[in-house]
*Asks:* 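Before anything else, here's the structure in question.
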Amino acid sequence: MEILKFSFVFDKLSLSMAMLALFMAISISIFSLDYVEKKQAKERRFFVLSPWMFCVFSCMALFSGDWFFFGVFLEMSSIMLFFMILPLNFRTALYYLLTQLSGSLLVFVGAAIMIAERGSAAMGPVPPHLLWLFLSGLGIKTALLGLHFWLPKVHSEAPTPTSALLSGFSVKLGIYGLIRLASLPATDVLMVLGPSMALYGIIQAISQHDAKRLLAYHTISQLGYIVTAIGTGTALGIVAGVYHTVAHALFKGLLFLCIGSIEKAYGTRDLSLWGHGTARAFPVTFAFFLVGALAISGFPGMSGFASKAMIKASLKENSFYTVVWILQAANVGTVLSFCKLSYYGFFFKGDVVRKAPHYNPLLSYKKRIFQNTGMALLAFMTIFLGICPQLLPNFMGMNFGNFFETEALLSAIIPIFTGGILFIVFKKTLTPGKHKIYDLDFLLIKLYGILTLCPTIVAKIHTGKLRQYTIHVIIAALVIFFFLART
Amino acid sequence: MISLLTVLIPLTWAFLIPLIHIFRKTWLKRAILLFGIAVFFVTISAAISGWKQSALSFLGGWPAELGIVLIVDKLSAAFLFLSAIGGGAAFLASYGRLKEGPWRYYVIFFLLQASMNGVLITGDIFNLYVFYEVFSLAAYLLVAFTISWQAIEAGLKYLVLGTIGAFFILLGIAYIFMATGSLNMAVLSLVLPHIPNEALTVIAASLLIGLFIKIGAFPVHFWLPDAHSSAQTAVSALLSGVVVKVSIYTLLRLSLLLFLETKPAVFTVITVVGTLSVLGGHLMALRQEDIKRLLAYSTVAQIGYVLIGVGTGMAAGISAAFFHAINHMFMKVGLFIAAGHIAEDMKTRNIYDLRGLYHHRRWFVIVFSLLTAAIVGIHPLGGFMSKWYLMLAATKAGNVIPALALAFGTVISAFYYMRVLSFFYSSGDPPPRQTYPYWNLAIAGACALCCVFLGIVPLVPSLWKLVSDIGLNAVDTAEYISTMLSK
Amino acid sequence: MSKSCFLRIVTFLLCLALGWQFWKGILALEPTQIIIGPAAHYIESAAEETGATNIVAAILFDYRALDTLGEASVIYTSVCGIAMLFAKSKFKISSTGLSFIVKRGVSFIIPFLLLYAAGIVLMGHISPGGGFQGGAVFATATILFCIVYGSGFEAVMIKPKTKELIESSGALMFVLIGFVGLWTGAGFLANIAAGYPKGEVGRFLSGGSIPLLNIAVGMKVSAGLSTIFYSMIKLLEFEVTKHPGVKNK
Amino acid sequence: MTIITLSHGTAIILFCIGLYTIISKRNLFKTVIGLSLMESSVLLLIVAAGFVQGGRPPILPIEGIAVNPLPHAFTLTAIVIGASDLALALAFVIKLHQRYKTVDLDKIRGLRG
């Protein structure tokens, strides 16, 4: 039996992802200094230190040279995040842990079969008949369409730093796995899944009234972009995917931190209870939010613009024109829903005086130096990447010159305007209300009832009656007899 | 020579204790402790000597065909090691609880140890049955030791089902004798291929169903949760940790020697039963509110893991099965001792009544959590490593569904163990009673440390070679036969 | 047809199906009229190798003596366990025995019974019988005491501790006899090879260690079976003498 | 049909009857009887395995051909083991009767689920 040996992989891909992990850990750790009150020293220390632990584990995952160790460290980073959700909400934490465990265990099964067949499970494309294992395993991590059921619930109910890490880096580990996986049969599947994820996420996001849940659906939609880029399978597409990964990590982390700090002030995530001049009460936070919102909409000069331009270019290179249109439509939806978020979240003054239950004006931004520093770091990087878009492609060894061309600029700005106009038209329809929005996790709750039937059925045979146990013995013996007699 | 002493010394102690009780009552306390330590060291030294070179002892000086031979090869030595450690831990736990108290308990305990060692080293199939019966009777009695109604009921059910199993085994041996006329396992391994297929079917099926009952595999496991949960703390630990493993050794030895070439379908049956055990055990554990019963059902599932390893019929699978067996021994001994102590201390076994235990029994809960993490399969710990190797072996043998069941079972086990832990860590105050915790805490803590240590075994080549040698040695039946028939 | 009747028939058919499987196995094995395996060797040379004319005894106490030790341990376990289960029950004298005539009659029989038992034990190596059988007859004698003289008599005559002593020392003796073989280097429970005198085949003093082992097993079994009986009797007495009005702890 | 086939058949039928007794009877004592029947059937099978046509008891001097002595030794051992098992079972039944005041197997189901 072979011994476990850790093999390293050092290439530009892992390095750039690792740098991203480090950066996320720095900024979120700084943010967390203010997230927990100073009185709760233990919890505060935990929230400051655990992003670093997470960063260590994810870097190990990024540098590991085979699927087994990748799975190991993937799981360890999930467990770290599980501990970060735990103080707030045990049920969500458990839900997260179980989904992530099943994901990484599928990867393990795949790796085991691969080792059995080939002798090693080096990071890289896998045989086509194992693809379903790897795709579903990594898909749970990446929240591919159909396997995304855990993401909105967990992202919205986790503590703010954890949400930022989850959306910022945890799902990106799955993306990293998908990038390593990218070869022909896999890319076809991804090409189908990517655009549909982008659209599905947007459709769900527009109708949300829970601010964090809205952002969570945006994560799904942006992951759709990345998956699409990987789905092209070309070098340009992969660099574009990595670029958008980095960009998305930065701006989505930023957005989660902003929304989280406002949530903390209001004590609720319900958009319908926000508004009333939030922008005036929290000007710095609002500014950061604006940076994030512009970046996610792909406004020129922000990181989102550059990465989306690259994705579109890579799609056009392989003449996936339909997909480009789908992505543009998704972009319109993104703008629309961010208009909704910023309007109802920061400005809206309704007729009815609505007051959040735990509105705490003491939590103003002035005392929150670390919090703002953490967000500022992310915002700075977002803008920096937007201004110098060449940096990352050059680092990855790719020359991509035409960021600020007219066509690219136009294709970025037109969806923004369209979205803005659409929002003005449909403002009333988009008012956040208490309506129920159905997604897979509601189905899952229904399914849970059916799943609990299983143990009940098994428990039925444990009647405590010795006579029935004996009957089981006889039946088992007969089955074994018949089976052995046939061979 | 020393292999013989592993049986004789505990047996002699068992015969001596009544005499000491009659003549020198005051010596009893020290004598029992001394005896326990002596048994531990003799068993360990027999394991070491058998590991270096297969140790034979011909009883009465007769050659293998005529008399009975005791043989310690690497497989036996490994299981002897396991029985020595587990038995030692259980002995210490019961000594700490009962002191010299009921001396008959120790008589039965030593008889159990003697017969377990006898089962592990005997080379004769009828002698195996005899030792097996001593060992089963001692186990029934240890279960019923507390004479509470649960204990007696569990003991009776164990006895009736176990006796049915024993008769199936005896029937199989009778058929073997009718077909071949000899009983030495090495000789049987040579002559069994020449007997008619129908007879072989009956032999295989009878032995299998009998052993499955004794092991407690899923469709016929009904006595196991009753017995393991109703027994006294140390006895539960012994039953779950060692007794079940000895039965697994028997299955392993018989199936490899008798059916590896003549009836490979036996291994399919073992795999199927293992898979069923994994699923059934975990599903039943999900429903339990009694902490000891939960652990007992978890044992059913872990037995399933080991059976999946045995069912591969390959060196890698058997090594992994042993590795998991020894891991499970440490984990379950620790868990049962910790849980049993808690249950006795708090006068309740219901997990709902154990809320907030963390605030009163901090170290117990920490040790319990560590062991839980090991049994679920969290990374650096032993449980994960053994599960990974089991998965590897199962996929290598082409059993993908058992590997998936293994993964699925891990997720379920994470669920129910986390549920238990959540009760322990939640706030609430059980009555802070405190009864001599240190003894049990030390044993459970040592088990937890061993789990941590076993986690690094696959990373160290020299240690891992020890484990992988077991499988290679077990599969090499030709060497066993030639060693046995050398005289 | 009622449901329970239907279930009965189904379970009976299941049992029959199992039996049919066993029967197929029997059919496949054509009965061999010649003795194969080690048994042929036993018949041929048991007498000169062990000095015992009873080949079954030779097998039980020499060739496969470890089985016998194991079997002795089984009884030992069971006796110890039953004594443990009933340890807390109090012994109460209830019956005063049967009539005078029966008591006299039994006192005539008892010596012969004991002699018979001793014969079975001691002649185990040359005739049918042996330690187990003789021990069982011994135990029968003690049970007869209980029936005829009342349960108190036996307890006065032979204390439970004495029985324990006999049982443990019998078992220990078995092991010690085996250790002689280990000491001389011939292997545990070796007989002739360990230097036990073989004697003249067919005589009372023959068979090396086999008669000694028979005695050891006889001690064990007689005391053990007697203990089982009295442990259970204790409990039944307890149940019988309990008056409905009196509370007992 | 030779005597040997007959005894084999009897053994198997006894085994089935023993199992069926355990399944169908609610009285615990009858369960123990069922176990005893199963034990006897297996012993019968083992003894029958040693049968030789016209064989004599395996005690010297043997006139003619001896039966196989090995099964006899096994049977002796197995009888003792079975007897110990049954004794223990009966002890459990007595103890259980003290607690439950019944020997009805279907009412003794405190441990379930």
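What you are looking at is a predicted structure, and each value in this text was computed from that prediction instead of being measured. FYI, side chains are in, hydrogens and waters are out, and symmetry mates aren't considered; it's all heavy atoms of this structure.
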*Asks:* Using non-hydrogen atoms and a 4.5 Å limit, figure out which bit of B:T12 sits close to chain C: side chain, backbone, both or neither.
*Replies:*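 When you check distances to chain C, atoms from both the backbone and side chain of B:T12 fall under 4.5 Å.
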
*Asks:* Out of C:L69, C:V175, C:L66, C:L176, which one racks up the most heavy-atom pairs below 4.5 Å with chain B?
*Replies:*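 Most heavy-atom pairs within the cutoff with chain B belong to C:L66.
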
*Asks:* Between C:L172, C:L18, C:N191, which has the largest tally of heavy atom pairs under 4.5 Å with chain B?
*Replies:*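 Among C:L172, C:L18, C:N191, the one with the most close pairs to chain B is C:L172.
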
*Asks:* Of all residues at least two apart in sequence or in a different chain, which pass the ring pair (Phe, Tyr, Trp, His ring centres under 6.0 Å) check with C:Y76?
*Replies:*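 Expected list: B:F15.
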
*Asks:* About how many Å separate NZ of C:K24 and CG of B:N197, when rounded to the nearest 0.5 Å?
*Replies:*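 Here the rounded value is 10.5 Å.
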
*Asks:* B:I20 versus chain C, heavy atoms under 4.5 Å apart: side chain, backbone, both or neither?
*Replies:*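 Nothing of B:I20, per the 4.5 Å heavy-atom cut-off to chain C.
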
*Asks:* Considering non-hydrogen atoms only, spot the tightest contact between B:P196 and C:L29 and give its length.
*Replies:*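 Looking at all heavy atoms of both residues, the closest pair is CD-CD2, 4.2 Å.
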
*Asks:* Near C:F12 CZ, under 6.0 Å, is it more than 12 heavy atoms from other residues, nucleotides or ligands?
*Replies:*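 At most 12 heavy atoms, drawn from other residues, nucleotides or ligands, come within 6.0 Å of this atom.
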
*Asks:* Using a 4.5 angstrom heavy-atom cutoff, name the option from C:G70, C:S73, C:C80 with the most pairs to chain B.
*Replies:*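 Among C:G70, C:S73, C:C80, the one with the most close pairs to chain B is C:C80.
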
*Asks:* Near C:M173 CE, under 6.0 Å, is it more than 12 heavy atoms from other residues, nucleotides or ligands?
*Replies:*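 Yes - once you tally the heavy atoms of other residues, nucleotides and ligands closer than 6.0 Å, there are more than 12.
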
*Asks:* Identify the heavy atoms of B:A144 and C:L85 that sit nearest to each other, and give their distance.
*Replies:*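 Taking B:A144 first and C:L85 second, the nearest heavy atoms are O-CD2, 4.0 Å.
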
*Asks:* Which bit of B:I152 is near chain C, if near means a heavy-atom gap under 4.5 Å: side chain, backbone, both or neither?
*Replies:*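 Only the side chain of B:I152 comes within 4.5 Å of chain C.
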
*Asks:* Where does C:I192 contact chain B at under 4.5 Å (heavy atoms): side chain, backbone, both or neither?
*Replies:*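 Neither part.
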
*Asks:* Does anything in residues 112-124 of chain B reach chain C? List residues with heavy atoms under 4.5 Å apart, or say none.
*Replies:*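 Within residues 112-124 of chain B, the residues under 4.5 Å from chain C are B:D124.
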
*Asks:* Mind checking the CG-CZ spacing from B:L183 to C:R64? Nearest 0.5 Å is all I need.
*Replies:*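 One finds 5.5 Å between CG of B:L183 and CZ of C:R64.
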
*Asks:* Please classify the contact between B:F177 and chain C as side chain, backbone, both or neither, with a heavy-atom cut-off of under 4.5 Å.
*Replies:*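 It is neither, since no heavy atom gets under 4.5 Å.
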
*Asks:* Between B:L8, B:I22, B:V130, which residue shows the highest count of heavy-atom pairs closer than 4.5 Å to chain C?
*Replies:*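 Of the candidates given, the most pairs with chain C belong to B:L8.
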
*Asks:* Can you tell which part of C:E167 gets under 4.5 Å to a heavy atom of chain B, answering side chain, backbone, both or neither?
*Replies:*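 Interface part for C:E167: neither.
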
*Asks:* Hey, could you give me the CE/CZ distance between C:M84 and B:F145, rounded to the nearest 0.5 Å?
*Replies:*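 The CZ atom of B:F145 is 6.0 Å from CE of C:M84, to the nearest 0.5 Å.
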
*Asks:* Against chain C, label B:S136 side chain, backbone, both or neither, depending on which of its atoms sit under 4.5 Å from a heavy atom there.
*Replies:*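 Contact with chain C involves no heavy atom of B:S136 at all.
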
*Asks:* Is it the side chain or the backbone of B:V202 that comes within 4.5 Å of chain C heavy atoms, both, or neither?
*Replies:*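 Just its side chain gets close to chain C.
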
*Asks:* If you compare all heavy atoms of B:R104 against all heavy atoms of C:A83, which two are closest, and at what distance to 0.1 Å?
*Replies:*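 Taking every non-hydrogen atom into account, NE-CB, 3.4 Å.
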
*Asks:* Over all heavy atoms of both residues, which pair between B:L137 and C:S78 is shortest? Give the atoms and the distance, please.
*Replies:*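 Heavy atoms only, the tightest pair is CD1-CB, 4.4 Å.
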
*Asks:* Below 4.5 Å from any heavy atom of chain B, which atoms of C:A186 appear? Answer side chain, backbone, both or neither.
*Replies:*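 Just the backbone, heavy atoms under 4.5 Å.
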
*Asks:* If you take all heavy atoms of C:P38 and B:G181, which pair is closest and at what distance?
*Replies:*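 Here C:P38 and B:G181 meet closest at CD-O, 3.2 Å.
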
*Asks:* Can you name the closest pair of heavy atoms from C:T77 and B:L141 and give their distance?
*Replies:*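 Shortest heavy-atom contact: O-CD1, 3.4 Å.
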
*Asks:* By the ring pair (Phe, Tyr, Trp, His ring centres under 6.0 Å) test, which pairs, at least two apart or in different chains, include something from residues 157-197 of chain C?
*Replies:*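 Qualifying pairs, neighbours excluded: C:F179-C:F188.
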
*Asks:* For chain C, find its close neighbours in residues 56-71 of chain B: heavy-atom separation under 4.5 Å, sorted by number, or none.
*Replies:*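 B:F58, B:L59, B:G60, B:G61, B:W62, B:E65, B:L66, B:G67, B:I68, B:L70, listed by number.
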
*Asks:* Measuring from B:S206:OG to C:Q21:CD, what's the distance to the nearest 0.5 Å?
*Replies:*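 Going from the OG atom of B:S206 to the CD atom of C:Q21 covers 10.0 Å.
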
*Asks:* Measure B:L171 against the heavy atoms of chain C and call it side chain, backbone, both or neither at under 4.5 Å.
*Replies:*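 B:L171 touches chain C through side-chain heavy atoms alone.
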
